[in-house]
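In what follows, a structure is listed as structure tokens, so that the remarks can point back to it.
Numbers here are sequence positions counted from 1. Both backbone and side-chain heavy atoms feed into the values below; hydrogens, waters and symmetry mates do not.
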Amino acid sequence: MLKELWAKLDANQRFVAYGVGAVVVGWIAGLILGSQSNCGTVLGSTYCVGSVNYFSFGNAGLFGILALVLAIVVGVALYIKVAPNMSFTWPMPFAQILLGGCVAVLVCGALMTLIQFTNGGNPPALMYVADVLVVGGGVVMAWFSYQDFLVSKSVV
């Protein structure tokens, strides 16, 4: 079934699907890699007072969740487009919907990374690996949905 659905997507839409996967993996990796324990040593004893997750802290976390949700929405839209049991009338050309969703993911990922860079503190360096995955997934999604949009404009 999955191969049949995958075959219905053109090459650009397949790369958009890869970008959706990268955003989801990047967000999960950020939750894992962005944590740092608040430990200190007092009189030879180590005390930990909890941990901070820089990836989900404040506005950066909000933009990260928005990027994740929008990426999932784009993935669902791709599924609805090719599913054999779905008949859906799109309110505008599908390429425009896809491009808008993908650009929104890219903007949210870029804002999340910008906020994390400017927040200060001492975040773990591996957190930026997750940022690269989220922003890179957004870039792949936006670029290939733009290419799909250009193809749809030349066909009309």
Side-chain angles (χ1 to χ4, degrees), residues 1-83 86 94-149:
M1 175 80 177
L2 187 60
K3 286 184 181 181
E4 180 182 309
L5 293 175
W6 191 253
K8 291 182 181 181
L9 294 174
D10 64 21
N12 293 327
Q13 293 169 350
R14 287 181 188 153
F15 275 103
V16 170
Y18 291 140
V20 169
V23 170
V24 171
V25 168
W27 186 79
I28 292 170
L31 291 180
I32 296 167
L33 301 174
S35 294
Q36 183 176 20
S37 296
N38 291 331
C39 296
T41 303
V42 177
L43 299 173
S45 297
T46 302
Y47 296 100
C48 294
V49 292
S51 67
V52 173
N53 189 311
Y54 287 91
F55 196 80
S56 63
F57 181 73
N59 291 333
L62 174 65
F63 282 116
I65 290 172
L66 281 173
L68 173 71
V69 169
L70 288 168
I72 291 171
V73 166
V74 167
V76 168
L78 283 172
Y79 174 77
I80 290 172
K81 180 183 183 282
V82 298
M86 299 269 191
F94 181 74
Q96 288 180 344
I97 294 171
L98 193 64
L99 180 61
C102 293
V103 168
V105 170
L106 175 59
V107 167
C108 287
L111 286 173
M112 173 193 69
T113 304
L114 180 67
I115 290 170
Q116 288 171 348
F117 272 120
T118 59
N119 260 353
N122 189 18
L126 287 176
M127 178 191 69
Y128 296 114
V129 171
D131 286 342
V132 167
L133 282 172
V134 172
V135 173
V139 167
V140 167
M141 289 172 64
W143 177 255
F144 285 102
S145 66
Y146 177 67
Q147 296 301 316
D148 198 40
F149 174 73

Compare all side-chain heavy atoms of Val132 with those of Tyr128 and state whether any distance is below 4.5 angstrom.
no
Measuring only between side-chain heavy atoms, which start at C-beta, is Ile80 closer than 4.5 Å to Val76?
yes
Minimum heavy-atom separation for [X] and [Y], please, with both atom names.
| X | Y | value |
| --- | --- | --- |
| Cys102 | Ser145 | CB-OG, 3.5 Å |
| Ala67 | Val134 | CB-CG1, 4.4 Å |
| Val23 | Val105 | CG2-CG1, 4.0 Å |
| Ala22 | Gly137 | CB-CA, 3.8 Å |
| Ala142 | Leu99 | O-CD1, 4.0 Å |

Output the distance between atom [atom1] ([X]) and atom [atom2] ([Y]), rounded to the nearest 0.5 Å.
| X | Y | atom1 | atom2 | answer |
| --- | --- | --- | --- | --- |
| Ile65 | Cys108 | CD1 | SG | 11.0 Å |
| Leu78 | Phe94 | CG | CZ | 4.5 Å |
| Leu106 | Leu70 | CG | CG | 11.5 Å |
| Asn59 | Gln116 | CG | CD | 11.0 Å |
| Phe149 | Asn12 | CZ | CG | 13.0 Å |
| Phe63 | Leu111 | CZ | CG | 4.5 Å |

Could you walk me through whether Asp148 and Val16 pass side chain to side chain contact (heavy atoms under 4.5 Å, CB included), step by step?
CA-CA 10 Å; Asp148 198 40; Val16 170; over 6 Å; no
For side chain to side chain contact (heavy atoms under 4.5 Å, CB included), just list the numbers for Val24 and Leu68, CA-CA rounded to whole Å, side-chain angles, deciding distance to a tenth of an Å, and then say yes or no.
CA-CA 6 Å; Val24 171; Leu68 173 71; 3.8 Å; yes
Parallel, tilted or perpendicular: which fits the ring planes of Phe15 and Tyr18, with parallel below 30° and perpendicular above 60°?
perpendicular
